[in-house]
Amino acid sequence: MAKAGNMEAYQLLHKGMLALARAERQGIRIDMDYVNRKKQQMTNKIEHLEEDFRDTKFFKDWQKRSKAKININSGQQLGDYLYKVLKIKVGKETKSGMGSTDEEALKQLNIPELDYLVKISKLKKIRDTYLDGYTREQVEGYIHPFFNLNTVVTYRSSSNSPNFQNVPKRDEFAMQTVRSAMFPRPGHLLLEVDYSGVEVRINACINKDKNLIKYIKDPTTDMHRDIAIQIFKLDEYDEKIEGHKTLRQAAKNGFVFPQFYGDWYKSCAENVACNWGELPKTKWKAGMGIAIGNTYLSNHLISKGILSYDKFTEHLKEMEADLWKNRFPEYAKWKDVWFAKYQKKGYIDLPTGFRCQGVMNKKQVCNYPGQNGGFACLLWSFIEADRIMQEENWDTRLIGQIHDSILLDVLPSELDHVVEVLYRITCTDLPKAWKWINVPLDVDMEICKVDEPWSKKKKYAFR
DNA sequence: GGAACTCGCCAC
DNA sequence: AAACGTGGCGAGTTCC
């Protein structure tokens, strides 16, 4: 509920709803011939994999020892067989305490036949959630995803029918398969304008941590680089050296962001070592993990005295303490003060004018301002761009939004002007309108050539 | 036959 | 002491 009498927060939602409705009505073009072709291809592939799986000893035994007909899509039936019939010791558990059958759990079991099931479910996810969703939702070759402003506790948006905010990106195959279905209108191009690190910047405005602000203001510094150097005990960071960029990514997505959200060192250690460094949870030997320059990550860490996963975990425990005690002490202090204030009042008032109330834990109380503020920046910019688009009679259209980015379907002759306007709105006009934004904002842009699908987007050097 | 649940997985 | 914040959605399952 917006703070009583706060017109600014109300207006943001009201105008936002109207601007988003225009994008919904416009829609995104889908190449339905491609979608149908691809779905058929994937169905054939899935059938082959299923046949191969049914031919394995593993499956035949599973079927023999089961009363009913096996459904190979059922995690529950698989879990029963693995953990109750075969009595394999449960490694990973689900939230409710059952033996997990997710990809990670199955990998740990070292049963090669289970690879079939992992492959099949990945293909089905792409086919049934995304491509089939577009078939179901399209009207004359356009999907019209909804963007809701009334569903999320932090006043972020959500999207449905189809959800436009969870289209695959990281997995290369899934990304290619799904995003190759999405096109601009004929003769147009797709442009994505993306606020860079907006949640962190908003958090800095709120918690006013001097070290965090310095990282944002001084372009010669790089927080994720510095943390990568510390995590991996690098003597130097050079993105030209093989593997260093990956280590920076690992530091950013495996440690810094999870820590900011309230995660703890043990799960960060798994993120960083297992997911990004590809190191096992054992004592390390030479030649393990990703390549770093002309050696391997394990060799490098061993040379620095980190001989095993356990040692690495201890190292991250120290880094966690260092992060909050030395690197961002004012941020840590703010969390305590902010939570104490919530406990006293029962709600939090955010600089955007919104109020969050109800039962919340400390992590929620401390995460909501950044999430709220980041999206509020996006929505304000979206509204402005929508207003100018109408005022100046653009043929270019806003067609979607993904929390901190805007997707536009652009008439090529309008591109330069659209880019200029979007850059001005996001990085100049917004900080002028909202005085509490006292760090610089920045955007990245990505673009596809005329008549190319969203899978082809490339960095756009607009400055 | 549908509502409500769990699980798994996609995004920021 | 416990251990990552916000969503949507498909499939399987259970309950009414």
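Residue numbers begin at 1 in each chain, while the letters A, B, ... track the order of the sequences. The structure presented is a predicted model; accordingly, all values stated were derived computationally and were not measured.
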*Between A/Tyr215 and A/Arg327, does a side chain to side chain donor-acceptor pair (under 3.5 Å) hold up when you go through it step by step?*
CA-CA 11 Å; A/Tyr215 271 124; A/Arg327 207 180 271 277; 2.9 Å; yes
_Can you see if the side chain of A/Ser159 gets near the phosphate of B/dA11 - specifically, an N or O under 4.0 Å from OP1 or OP2?_
no
*Have a look at A/Ser405 and say if it touches a base, only the backbone sugar-phosphate, or nothing, with a 4.0 Å heavy-atom cut-off.*
nothing
*Identify whether any heavy atom of A/Glu199 sits under 4.0 Å from a base atom; if not, whether one sits that close to sugar-phosphate; answer base, sugar-phosphate or nothing.*
nothing
*Looking only at side-chain atoms of A/Lys95, point me to the closest of C/dC9, B/dC7, C/dG5.*
B/dC7
*Please report, rounded to the nearest Å, how far the P atom of C/dG5 is from the CG atom of A/Asn361.*
7 Å
*asked:* Can you confirm if the NZ or CZ of A/Arg355 lies within 45° of the ring axis of A/Tyr347 and under 6.0 Å from the centre of its six-membered ring?
replied: yes
_When you compare the side chain of A/Asp55 with that of A/Lys60, does any pair of heavy atoms fall below 4.5 Å?_
yes
*asked:* Using a 4.0 Å heavy-atom cut-off, does A/Ser121 contact any base of the nucleic acid, only the sugar-phosphate backbone, or nothing at all?
replied: nothing
*Quick one: is C/dG12 close enough that its OP1 or OP2 comes under 4.0 Å of any side-chain N or O from A/Asn73?*
yes
*Contact under 4.0 Å: A/Lys124 side-chain N or O vs B/dG8 OP1/OP2*: no
*asked:* Base, sugar-phosphate or nothing for A/Gln77? Non-hydrogen atoms, less than 4.0 Å.
replied: sugar-phosphate
*Ignoring hydrogens and angles, does a donor from either the side chain of A/Arg156 or the base of B/dC12 sit under 3.5 Å from an acceptor on the other?*
yes
_Check the phosphate of C/dC9 against A/Thr129, side-chain N and O only, distance under 4.0 Å to OP1 or OP2. Yes or no?_
no
*Which part of the nucleic acid, if any, lies within contact of A/Gln364, taking any heavy atom under 4.0 Å across all strands shown: a base, the sugar-phosphate backbone alone, or nothing?*
sugar-phosphate
*Let me know the distance between OH of A/Tyr130 and P of C/dA11, rounded to the nearest Å.*
13 Å
_Output the rounded distance in Å from CD (A/Glu104) to P (B/dC10)._
13 Å
*Could you tell me whether the side chain of A/Lys125 has a donor or acceptor atom within less than 3.5 Å of a complementary atom in the base of B/dC10?*
no
*Distance in angstrom units between A/Phe255 CZ and C/dG5 C1', rounded*: 17 Å
*A/Pro168 side chain: which of B/dA11, C/dT6, B/dG8 is closest?*
B/dA11
*Rounded interatomic separation in angstrom, taking CG from A/Asp171 and C1' from B/dC10*: 10 Å
*What does A/Arg127 touch in the nucleic acid at a heavy-atom separation under 4.0 angstrom: a base, only the sugar-phosphate, or nothing?*
nothing
*Tell me: OH of A/Tyr155 to C1' of C/dT6, nearest whole Å?*
14 Å
*Does A/Lys311 count as lying over the ring of A/Tyr309, i.e. NZ or CZ under 6.0 Å from the six-ring centre, within 45 degrees of the axis?*
no
*Give the rounded distance in Å between these two atoms: NZ of A/Lys266 and P of C/dC4.*
13 Å
*Gap between atoms CG and C1', on A/Asn203 and C/dC4 respectively (whole Å)*: 14 Å
*Counting any heavy atom closer than 4.0 Å, what does A/Asn367 reach on the DNA or RNA strands: base, sugar-phosphate only, or nothing?*
sugar-phosphate
*For A/Ile111 against A/Phe58, the heavy-atom pair lying closest together*: CG2-CD1, 3.8 Å
*Does a side-chain N or O from A/Tyr368 land closer than 4.0 Å to OP1 or OP2 of C/dG5, or not?*
no
_Within-4.5 Å side-chain heavy-atom neighbours: A/Ile206 and A/Trp334_ = yes
*Taking only the side-chain heavy atoms of A/Asp128 (C-beta and beyond), determine which of C/dG5, B/dG8, C/dG10 contains the nearest atom.*
C/dG10
*Thinking salt bridges, do A/Asp128 and A/Lys124 make one under a 4.0 Å N-O criterion?*
no
_Students often get this wrong, so: under 4.0 angstrom with heavy atoms, is A/Gly262 touching a base, only sugar-phosphate, or nothing?_
sugar-phosphate
*Verify the contact: side-chain N or O of A/Ser96 to OP1 or OP2 of B/dC7, cut-off strictly under 4.0 Å; return yes or no.*
yes
*asked:* Between B/dC10 and C/dA3, how many Å separate the two C1' atoms, rounded to a whole number?
replied: 24 Å
*Minimum-distance nucleotide to A/Asn271 side chain [options: C/dG7, B/dC7, C/dC4]*: C/dC4
*Looking at the side chain of A/Thr151, which of C/dC4, C/dC9, C/dG8 is the nearest nucleotide?*
C/dG8
*Could you please name the option among C/dC4, C/dT13, B/dA11 that lies closest to any side-chain atom of A/Pro258?*
C/dC4
*May I ask you to evaluate whether A/Thr154 reaches the phosphate of C/dT6, defined as a side-chain N or O under 4.0 Å from OP1 or OP2?*
no
*Do the charged groups of A/Glu270 and A/Lys266 touch, with an N to O distance under 4.0 Å?*
no
*Among C/dA3, C/dG8, B/dC9, which nucleotide sits nearest the side chain of A/Asn166?*
C/dG8
*asked:* Need one value for A/Asp132: base, sugar-phosphate or nothing, where a base atom within 4.0 Å counts as base even if backbone is also close, heavy atoms only.
replied: nothing
